[in-house]
Amino acid sequence: MSHAATFATRLLQWFEQSGRHDLPWQHPRTPYRVWLSEIMLQQTQVRVVVPYFERFVAALPDVRALAGAPLDEVLALWSGLGYYARARHLHAAAKQCVERHGGELPRDFDALLALPGIGRSTAGAILSQAWGERAAILDGNVKRVLCRVHAVAGWPGAPAVEKRLWALAGAHLDGVPDGRMADYTQAQMDFGATLCARHDPACALCPLQDTCLALREGRVQELPTPRPGRPLPERRALALLLRDGDGRVLLQRRPPTGIWAALWSLPEHPDHAAARAWFERHVRGDFDAAAVLEPVAHAFTHYRLDLQPLAWQGVDLLPAVRDRADLRWVAAPELGTLGIPAPVRTLLAPRPGHAR
DNA sequence: AAATCGGGGAC
DNA sequence: GTCCCAGATTT
């Protein structure tokens with residue numbers, strides 16, 4: 001048996017001194033906390049996640065608490081974090097854990113993969129970090145590191161490139177010493193997030209200097225290959241900000257699919273004709289008395305949204321629609337108990353923006 | 001294979 | 001302004 005330094009042992013040695021050892025989900029490192037952190041960290045930076053994680057585990061400290069909570073509470077705890085399907089899937093997965101796995105997360109790759117919101121990489125991250133199982137991950141950090149170390153060209157999100165990266169990630173598992181899988185997984189992510197960063201990686205301090213092909217070939221700056229650019233379409237919509245005599249705001253639950261699914265938001269319509277038609281069927285008041293507020297620009301990954309708020313005060317719902325489950329008057333203190341899109345929450349904040 | 005799904009950090 | 005982040009799911 002050779003004792004030559006491997007990809008894994010080099011990263012592990014670097015990890016001892018330079019890794020992150022004080023992240024909140026590491027103390028204590030339970031399966032539930034690892035799972036929750038991995039879901040929150042999908043496409044979301046560590047710095048953003050930390051306060052959400054702390055608040056979430058304080059309110060819902062284990063699988064059974066999560067499974068027993070109303071979806072609105074889960075969405076409220078997720079409000080502002082984005083990609084709300086993660087919260088809905090997390091909630092559904094917790095219920096499945098109670099029904100099928102005795103209220104615990106299953107210690108099995110296929111069983112984890114079968115839970116909503118857990119894909120191949122997240123399953124590997126949970127198995128390795130929660131139980132020390134020998135499983136690979138392939139997140140943005142690992143993709144970047146592997147693309148450089150092995151000089152893999154092509155956008156890492158392309159299926160063919162991703163397949164090659166999974167093979168490389170799997171091959172490196174053989175070099176992980178027994179009992180070190182949790183640290184190895186953490187080491188890869190810390191290494192990619194801090195030393196082998198997207199901009200200006202610290203190659204002079206890198207433990208992989210003598211094996212990194214990108215460094216040898218002078219291609220560190222160009223790898224990994226950026227995602228192909230696409231034009232962003234722009235969509236416009238009207239947001240109806242209705243307040244009753246008590247200053248409560250009318251919120252509407254969004255449909256179960258699409259953007260901001262199942263969140264509470266302002267009634268939204270593509271144009272004035274649609275807005276007026278909805279208003280006249282639902283509201284006792286004068287549509288033309290609306291105040292025109294400052295537009296809100298919001299950028300998604302795949303399009304831009306320009307929201308034009310129209311505001312009324314002292315209106316009421318028509319009797320025929322007062323008992324609709326998807327419409328409710330909400331007082332300011334209740335806003336924190338509901339999942340509300342970030343730009344809408346901003347719009348409803350104490351400084352509501354001035355009419356123009 | 002491509003599109004969908006948020007919000008913000010860092011440049 | 002840009003790109004992308006501890007990706008998964010749907011089409």
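Note that this is a predicted model, so its numbers are computed, not measured. By convention in this document, chain letters (A, B, ...) are assigned in the order of the sequence lines, proteins followed by strands, and residues within each chain are numbered from 1.
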Hey, are A:Arg324 and A:His282 close enough side-chain-wise for a donor-acceptor pair under 3.5 Å? yes
Looking only at N and O atoms, is any donor in the side chain of A:Thr44 or the base of B:dG7 less than 3.5 Å from an acceptor on the other one? no
Counting only side-chain N and O atoms of A:Arg227, is one of them less than 4.0 Å from OP1 or OP2 of C:dT2? no
Within the modelled atom types, does a donor on one side and an acceptor on the other bring the side chain of A:Arg20 and the base of C:dA6 under 3.5 Å apart? yes
Would you mind telling me which of A:Phe7, A:Tyr184, A:Phe191 makes a ring pair (Phe, Tyr, Trp, His ring centres under 6.0 Å) with A:Trp14? A:Phe191
Have a look at A:Ala125 and say if it touches a base, only the backbone sugar-phosphate, or nothing, with a 4.0 Å heavy-atom cut-off. nothing
So, taking the atom named OG1 in A:Thr194 and the one named CE in A:Met189, what distance separates them when rounded to the nearest 0.5 Å? 12.0 Å
Does a side-chain heavy-atom distance below 4.5 Å link A:Val161 with A:Thr225? no
Side-chain N or O of A:Thr122 versus OP1/OP2 of C:dA8: is the shortest distance under 4.0 Å? yes
On the nucleotide C:dG7, are OP1 or OP2 found under 4.0 Å from the side-chain N or O atoms that A:Gln43 carries? yes
Pairwise P distance, C:dA6 and B:dA3 [rounded to whole Å]: 24 Å
Donor-acceptor pair under 3.5 Å: do we get one between A:Thr301's side chain and the base of B:dG6? yes
B:dG7 OP1/OP2 closer than 4.0 Å to side-chain N/O of A:Arg304: no
Closest to side chain of A:His199, choosing from B:dG6, C:dA6, B:dC11: B:dC11
